[in-house]
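A short worksheet on the structure shown next.
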Number of protein chains: 2
Amino acid sequence: MDKNFYDKKTEIFKALANPMRLQIIDLLLNGEKCVCEIVKELNYEQSHISKGLVKLKSVHLIKDRKDGLNVYYSLNCDCMKDFFNCLNGII
Amino acid sequence: MDKNFYDKKTEIFKALANPMRLQIIDLLLNGEKCVCEIVKELNYEQSHISKGLVKLKSVHLIKDRKDGLNVYYSLNCDCMKDFFNCLNGII
DNA sequence: AATATATATGCCAATTATGGCATATGGCTA
DNA sequence: TAGCCATATGCCATAATTGGCATATATATT
């Protein structure tokens, strides 16, 4: 079944609508990080972090790059920082 | 219970993570609209549209203004357009 | 080959979202 | 006051999300 425009956009916002995943995005705003670094910085289970990364990647908000045992994740678009700053004004 | 920063931010994204509510935002990008206009333009039940507006307003993404029988809604921040355009690139 | 380390996946119970239908509220007009 | 109209709320069954625990995969090292 083919998803339409608003359904796809909804998936992106669903991916962002979670405290842990927002923290991941905030970390990646400072540049590429491997999973182990993210796990060290955030207080969540490794398996949970991994699922969060899968979800963010599934909507193309982030991309990954493998290097030996490690997988490095980074942001896939540069508009996040501005929008997040704007939302901070609302909060 | 006091919600922390990421929980509040999550609420904003949850409010956006719905096709109907995203369509409402798109309509409001063109300026203030009353509920009846939104109901006319989108193919959803009036009660459902109303609930969507309540949800968007609860996280301060939109604001309202009453005029007689009508309630006019408009965006509460100007960063939506840029971010939405950016997401269109991802989709 | 065996082991260790980094990352990903499967399962599942508890919580939360969705959207329809009925109904309530509250301002207008006659 | 009565009735209409625009908007909001309550209830509810179905569906989706959440996050923990166990486990799988895949690469590196010895």
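Numbers restart at 1 for each chain; the letters A, B, ... are given by sequence-line order, proteins then strands. For the numbers below, each heavy atom of this structure counts, side chains included, while hydrogens, waters and symmetry mates do not.
- Listed pair A:Tyr44 / D:dC21 fails the phosphate criterion, with no side-chain N or O lying under 4.0 Å from OP1 or OP2.
- Applying the 4.0 Å criterion to OP1 and OP2 of D:dG19, one finds that A:Asn18 has a side-chain N or O inside that range.
- The base of C:dG26 has none of its N or O atoms less than 3.5 Å from a complementary donor or acceptor on the side chain of B:Lys66.
- Comparing D:dT7, C:dC21, C:dT7 by their nearest atom to the side chain of A:Cys36 picks out C:dT7.
- Rounded to whole angstrom, the span from the CD atom of A:Glu11 across to the P atom of D:dA16 amounts to 10 Å.
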Start with the C-alpha distance between B:Ile25 and B:Met80, add both sets of side-chain angles, then the distance that settles side chain to side chain contact (heavy atoms under 4.5 Å, CB included), and finish with yes or no.
CA-CA 8 Å; B:Ile25 296 284; B:Met80 218 76 80; 3.7 Å; yes
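- One can place CG of A:Asn70 at 11 Å from P of D:dT29, the figure rounded to the nearest angstrom.
- For B:Lys55, the side-chain atoms get nearest to C:dA17 when compared with the rest of C:dA8, C:dA17, D:dT17.
- Here the side chain of B:Val71 is nearest to one of D:dT9, D:dA6, D:dT7, namely D:dT7.
- Between B:Ser47 and A:Ser47, the residue anchored nearer the 5' end of DNA chain C, judged by the nucleotide with its closest heavy atom, is A:Ser47.
- Rounded to a whole Å, the NE2 atom of B:His48 is 17 Å from the P atom of C:dA22.
- For A:Val35, whose side chain is taken as the heavy atoms from C-beta onward, the closest listed nucleotide among D:dC5, C:dT7, D:dG20 is C:dT7.
- Which of C:dT7, D:dT7, D:dT9 sits closest to the side chain of B:Val54 comes down to D:dT9.
- Distance CD1 (B:Ile24) to C1' (D:dT7): 13 Å, rounded to an integer number of Å.
- For C:dA8, one of the phosphate oxygens OP1 or OP2 lies less than 4.0 angstrom from a side-chain nitrogen or oxygen of A:Tyr73.
- The nucleotide whose nearest atom lies closest to any side-chain atom of B:Leu69 is, among C:dA22, C:dT7, C:dG27, C:dG27.
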Verdict with supporting geometry, A:Tyr6 and B:Met20, side chain to side chain contact (heavy atoms under 4.5 Å, CB included):
CA-CA 8 Å; A:Tyr6 284 105; B:Met20 184 199 69; over 6 Å; no
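- Distance B:Glu37 CD to D:dA6 C1': 12 Å, rounded to the nearest Å.
- Heavy atoms from other residues, nucleotides or ligands lying under 6.0 Å from CG of B:Asn43 number 12 at most.
- Both A:Pro19 and A:Gly68 lie near DNA chain D, and the one whose nearest nucleotide falls closer to the 5' end is A:Pro19.
- A centroid separation of 6.0 Å or more is found between the aromatic rings of B:Phe83 and A:Phe84.
- When the P atom of D:dT17 is taken as reference, atom CG of A:Leu56 falls 14 Å away, rounded to whole Å.
- Cluster annotation: B:Leu29 is connected to B:Leu42 through the hydrophobic network of ILVMFWY side chains, with a link wherever side-chain heavy atoms come within less than 4.5 Å.
- Distance from the side chain of A:Lys51 is smallest for C:dC11 among the nucleotides C:dC11, D:dT7, C:dT7.
- The NZ-C1' distance, from A:Lys14 to C:dT16, rounds to 11 Å in whole Å.
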Stepwise disulfide (SG to SG under 2.5 Å) check, A:Cys86 with B:Cys77:
CA-CA 8 Å; A:Cys86 175; B:Cys77 69; 4.2 Å; no
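- Side-chain N/O atoms of A:Ser50 include one lying less than 4.0 angstrom from OP1 or OP2 on C:dA8.
- A:Gln46 contributes a side-chain N or O that forms a donor-acceptor pair with the base of C:dA8 under 3.5 Å.
- Relative to the side chain of A:Glu45, the nucleotides D:dT7, D:dC21, D:dT9 differ in distance, and D:dC21 lies closest.
- When the P atom of C:dG20 is taken as reference, atom CD1 of B:Ile49 falls 10 Å away, rounded to whole Å.
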